[in-house]
Each structure stands twice: as structure tokens, then as C-alpha cells.
Student: 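Take a look at the following structure, please.
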Amino acid sequence: MFGHKGKGNYAYVVARVRAKKASLMGDEVYQKMLMMSLPEISRFISESGYQKEMAELAGRIGGIDLVEHATYMNMARVFSDILRSTTGELRDMVSAYLTKWDLWNLKVILRGKAYGADKESIKEDLVPAGRLNEVMLDKLLSLETDKEVIEEFGRMEHMKVPPEVVNAFTAEGRLGSVEDYFDRLFYTRLLSQLDPSSGPKRLFQDFIRREIDTINLETILILKMEGIFGDDVMKYIIPGGKQIDKKLATQLANAETISAAANDLSQLDFYEDIKETLTENGSLKNFVAAMKKYHIGLTKKFSSLYPLSVIPVLDFMIRKNIEVDNIRIIARGIESGIDRETIKELLVI
Amino acid sequence: MPTQEITPTRSALLEVKKRIKLSKSGYKIMKMKRDGLIIEFFAVMEKAKKMRDDVLTDYGAAMQKIAIARAVEGAMAVKSAAYALKADPQVKLGSKSIMGMMVPKVECEVIKTPMTERGYGVIQTSAHIEEAAQAFEKLLVTLVRAAEVETTMKRLLDEIEKTKRRVNALEFKVIPELQEAGAFIEFRLQEMERENTIRLKHLKKKSEAA
């Protein structure tokens, strides 16, 4: 994956993403959107940079689904554009990070096929924001069996899929093991390929390790709410977290309540950001939003500290993703009749 | 029972008396059953009311959770997670008796599936989707229980109606008709006895005159 030579065109790409970042929606825009009706939101976003995608999809999709698909399509195009404009090690890092979307698409294809959904409806839910373009995703989609899809995906992403993982999946028919395998492999491989001796790579590694912390903590808390503890939790933990190492993860996995886990987390630097959300009320809604806010706060800080690194690029990509999420949260929230206060809590601003 | 169809004999009278006794005891039992069913119905109705409230609460909560999941994660992600589900909810159907009436008994066998066995991966699965899945599982359990209580209530209502009709039929038709038939037979038997006595007196007079 990390095969490109040279440091990469940081100055050019950072300048481009900074210009793009300036056009992202700000807090006041979301406040305005909260006061709008669904047709008004559709019209508003058509006039706010999503015009091309809205017009392109309007013939096939309507209503709230149009907003969701158009915003995703726009995001996919922006990410592909950024990836195309990068060179050298910067390209390697951006491309590695965007593999996340390839995993999303793989899951959509495998789940759709397992359910028996038709090709067209699966294709509609794909977001080609990763390394794999539409042609490659079409190729995956056209394969007959799940096994072929997994093996072809492995070849495209240079990810080795052990036969026992595929066999376990074909025997049990559950996708969970394959999905978890790829999710773990994505992060472990990424960390192993990053050489911390280079400044930008060290920053990127740090960013990835913090993201692993977020994912692991969310996994631990979800499973805790399900009444799953100890080793049954540890098998889903991705190694390499920045603050949550194996020892702390085991401690958290063994904690019987969320409050007990909160005590163990009190030494971590994001504890202040999430402590209010760690309650036994049976919902992790606020915790998830708080972790996202912490994560973007961090990238914002690092992108100003290290302007000529991969961080400003990642910061923009995360913010673009959050813009798409926020538009969808507002539009779907209004459509479903969720009260404005709850929608505000769900927004990551 | 039309009086023309009645044979006014002693055995018929005995038969009618036996039927009156049986009908009266049946009437008493039916009345007790009707009262018992009504008491049972009110108890089940209280349960049904509570179940309806629970269904409404759980439905509201589940819809709220799925709306949040669709908003935060997107309808595409929610649909994709739903595609991965492998678990089929299973219920066990049985029956139990309330005052001789069979009502369904539904037990949830497999409705709640642990997250690790749902079909999709655990890592990267959103808490919102998982909370929505849990809320819908809870709703399904409540719906199954509500279905049992509602069916029991409907069966009880039907049975009360049926028993009420039987009690009324016994009270206002069968018993009065049988009593009428008994009175008619007794009257006819007395009439026949009087006719016999007169006939015998006539015969005695004739034989004395001869």
C-alpha cells in the first residue's frame, strides 16, 4: 500500500483542502437548517454545493433519500478528487485512510447478497469514496458467490484473507466474523506500515491510534450494555490504541457497570469530554456524539499545529463527512418528527 | 315444547321432571360460569390495558431509536445492517384452560439475539443501530405477550356471550317450557284418572241395573 516514492505534495493539497474547508457549512447554517422544512432543506442544499448531485439523482430518487444519496455522492467525488491530487507518501496515507470506505462498500455488497437484494439496489447504496472506484465495485458486485467477493476484495486491497476466515463464514453463514476480521486488519495493517521516523507519518499514526481508542471504547460500552464482559469483549478489541492499551482495555471490559468503566477512564485526556455522557440510562447516543466532537477537536488542533502534514487533509475529510452526516441528521430528524433539541444533540458541531 | 307433541303418560312426566331438574342444575352451573368468566374477563382486561400501554410505549421508543439511527448513520447503513441479520424470531404456541375454555399461550423462544450473533460485525457497528435493534426486539416481545392477552380477552368475550345466551335460553325458554309440559301432563293424567273413575262408576251402575 505504501509504495509511492517521495514525500508528497503537502503544500498543494493542504492549500486545496483549506480552500474547500472554507466552503463547508458552519454552525449558523445548521441552526438555520433546523428551522426549515424538508423541501426547503432540499432546495437549500441544492444551492450549497450539492447542486450537481441533486440534479443527477433527482430523476431516480426522491424526498429524503435524494438528500442522503446526493450528499454521499458529493462526498465520494470530493474524496476521490483529493486522492487524485495527492502524490508520494501523502497519497499513500490518504489512500490508506480512505480504505475505510472500501470496507463499508464490501459490507454493503456482502450483506445485500446475503439477503438476496438485487444488484441495482445494492449498487444504489454504495459510496465510492475509497480507493476502489465504481468500475472495481461493479466487478465485486457482479461476482457470483460471497467467497469470490471476499477473495477479489482481498486481491484489490492487497489484504490476505486466511482460508479459515472464509471457511468459518461459509460454514456459519454469518458475516460478522469476516467484517470484524477486515476491520481489525485495516487498522493493524495501517499501523504496521507506518514508519514513525518520518514526521507526517508519526502524526498520521498518532491520529489512527486515537481513532482506534474511540472504536475500542465504543465496542466495549456497546457490549457492556448487552451484558457481555471480559474475554468475549477482548476478541473485538483492535490492538494499537494510543491511550487504551491492552491492560486498560481488559480492565474496561471487565468493569461491571458503565460507572465502573468511567472510573477507569478518568486518567485519559478525553475523559472530560465524555464524562457527562457515561451514564447508566441505556443509551450511548450522547457518548457517540461526544467522542466524534473530541475527535474533530483533536484534528482541528493538530491541523493548525502541523499545517504541512497529512492532518489538515484528514481534518478536512472528517469535516466533510461530518457535514454530510449533519445534513442527513437534520433532514431525517425533521422528516421523522424528532424534536429540535434532540436533533441539536445529535449534530456534531 | 308444543303440547300436541307431548304424550301424557306417567313415564313422560317422570322424564320431564328429570329434564327440569337437569336444566335447573345446568342453569345454576352456567350462571356461575358466566359470573366467573366475567370476573376473569375484567382481570384480563386490566392486563390488556397495561399491555396496550406497553406496546405504545415500546413502539414509540423503537420508532424514536430507528429514526435516530437512520438520521445519524443513514438509511443506507441501517438497511445494510438489517440485510445482515440472520436470526429468526421464534415463538412457542401452546394453550391453557380458563374455566374449561382453551386460550392460547404464547412463549417467546428466540427473540432476543446477542449482538455478537446478529450477523453483522461488532467492530464499527454503530451504537445507534444496535440500540434500535434492541428496542425492536423489546417491542416484539411485548407484541407477542399482548397478542396472547388480546386473544384471551376476545375468546373470553365470545365465551361470555355464548354462556349468557345459554343461561337466557335455559331461564326463559327451556325451563318454562318443560315446566309447562310437566303441568300439562299432570293435568292430562288427572283428567284421565277422573275419566276412568267416571267410566268405572258408569260400568258399576250398568252392572247393578242389569
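The chains referred to below are lettered A, B, ... by the order of the sequence lines, with proteins before strands, and numbering in each begins at 1.
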Student: Which residue, D183(A), T219(A), I238(A), forms the side-chain contact (heavy atoms from CB on, under 4.5 Å) with Q124(B)?
Tutor: D183(A)

Student: Please step through side chain to side chain contact (heavy atoms under 4.5 Å, CB included) for the pair Y236(A) and T116(B), ending with a clear verdict.
Tutor: CA-CA 10 Å; Y236(A) 298 108; T116(B) 47; 3.2 Å; yes

Student: At a heavy-atom separation under 4.5 Å, does I122(A) approach chain B through its side chain, its backbone, both, or neither?
Tutor: neither

Student: What I want to find out is whether E226(A) reaches R118(B) closely enough, with some N-O distance under 4.0 Å, to be called a salt bridge.
Tutor: yes

Student: Which atoms of I215(A) are under 4.5 Å from chain B, going by heavy atoms: the side chain, the backbone, both sets, or neither?
Tutor: side chain

Student: Does any heavy atom of chain B fall under 4.5 Å from the side chain of Y72(A), the backbone, both, or neither of them?
Tutor: side chain

Student: Measure the CG-OH distance between L110(A) and Y83(B) for me, rounded to the nearest 0.5 Å.
Tutor: 14.0 Å

Student: Would you mind checking which part of E335(A) comes under 4.5 Å of any heavy atom in chain B, side chain (CB onward), backbone (N, CA, C, O), both or neither?
Tutor: neither

Student: Please say whether more than 12 non-hydrogen atoms of neighbouring residues, nucleotides or ligands are located less than 6.0 Å from CZ in F229(A).
Tutor: yes

Student: If I measure from the heavy atoms of chain B, does S177(A) come under 4.5 Å with its side chain, its backbone, both, or neither?
Tutor: neither

Student: Output the distance between atom OG (S121(A)) and atom NZ (K79(B)), rounded to the nearest 0.5 Å.
Tutor: 5.0 Å

Student: Look at M63(B), H128(B), Q64(B) and state which one has the largest set of heavy-atom pairs under 4.5 Å with chain A.
Tutor: H128(B)

Student: Near Y294(A) OH, under 6.0 Å, is it more than 12 heavy atoms from other residues, nucleotides or ligands?
Tutor: yes

Student: Could you state the interatomic distance from CZ (R70(B)) to CD1 (I64(A)), rounded to the nearest 0.5 Å?
Tutor: 9.0 Å

Student: Strictly distance-based, threshold 3.5 Å: is any side-chain N or O of E131(B) a donor or acceptor partner for the main-chain N or O of L284(A)?
Tutor: yes

Student: What's the spacing between I68(B) CD1 and K285(A) NZ if we round to 0.5 Å?
Tutor: 5.0 Å

Student: Can you establish whether the number of heavy atoms outside R194(B) located under 6.0 Å from its atom CZ is more than 12?
Tutor: yes

Student: Assess whether atom CZ of R340(A) is packed by more than 12 heavy atoms of other residues, nucleotides or ligands within 6.0 Å.
Tutor: yes

Student: With a 4.5 angstrom heavy-atom cut-off, which part of V127(A) approaches chain B: side chain, backbone, both or neither?
Tutor: side chain

Student: Is atom NZ of K96(B) surrounded by more than 12 heavy atoms (other residues, nucleotides or ligands) closer than 6.0 Å?
Tutor: yes

Student: Looking only at non-hydrogen atoms, find the nearest pair between A71(B) and G333(A) and report the distance.
Tutor: CB-N, 4.2 Å

Student: Please state whether the side chain, the backbone, both or neither of V288(A) comes within less than 4.5 Å of a heavy atom of chain B.
Tutor: side chain

Student: What's the shortest heavy-atom distance between R332(A) and A75(B), and which atoms?
Tutor: NH2-CB, 3.1 Å

Student: Let me know if K235(A) has heavy atoms under 4.5 Å from chain B in its side chain, its backbone, both or neither.
Tutor: neither

Student: Mark yes when over 12 heavy atoms from residues, nucleotides or ligands other than N196(B) sit less than 6.0 Å from its CG; otherwise mark no.
Tutor: yes

Student: With a sphere of 6.0 Å drawn around CD of E195(B), does it hold more than 12 non-hydrogen atoms of other residues, nucleotides or ligands?
Tutor: yes

Student: So what's closer than 4.5 Å to chain B heavy atoms on F169(A): side chain, backbone, both or neither?
Tutor: neither

Student: Once rounded to the nearest 0.5 Å, what's the spacing between atom CD1 of I123(B) and atom CG of D180(A)?
Tutor: 4.5 Å

Student: So do the side chains of M115(B) and M225(A) get within less than 4.5 Å of each other, counting heavy atoms only?
Tutor: no

Student: For I343(A), is it the side chain, the backbone, both, or neither that has a heavy atom closer than 4.5 Å to a heavy atom of chain B?
Tutor: neither

Student: For K47(B), does the NZ atom sit with more than 12 other heavy atoms under 6.0 Å from it, leaving out its own atoms?
Tutor: no

Student: Give a yes or no on whether the backbone of S126(B) and the side-chain of E218(A) come within a donor-acceptor separation of less than 3.5 Å.
Tutor: no

Student: State whether the side chain of R328(A) and the backbone N or O of V72(B) hold a donor-acceptor pair below 3.5 Å, judged by distance alone.
Tutor: yes

Student: Within this structure, what is the CD-CD1 distance for the pair E130(B) and I222(A), rounded to the nearest 0.5 Å?
Tutor: 6.5 Å

Student: With a 4.5 angstrom heavy-atom cut-off, is it the side chain or the backbone of L346(A) that approaches chain B, or both, or neither?
Tutor: side chain

Student: Whether the side chain of D125(A) engages the backbone of M76(B) through a donor-acceptor N/O pair (distance < 3.5 Å, no angle test) should be reported.
Tutor: no

Student: Less than 4.5 Å to any heavy atom of chain B: does that hold for the side chain of L103(A), its backbone, both, or neither?
Tutor: neither

Student: Which one wins on heavy-atom pair count under 4.5 Å against chain A: G74(B), A77(B), A67(B)?
Tutor: G74(B)

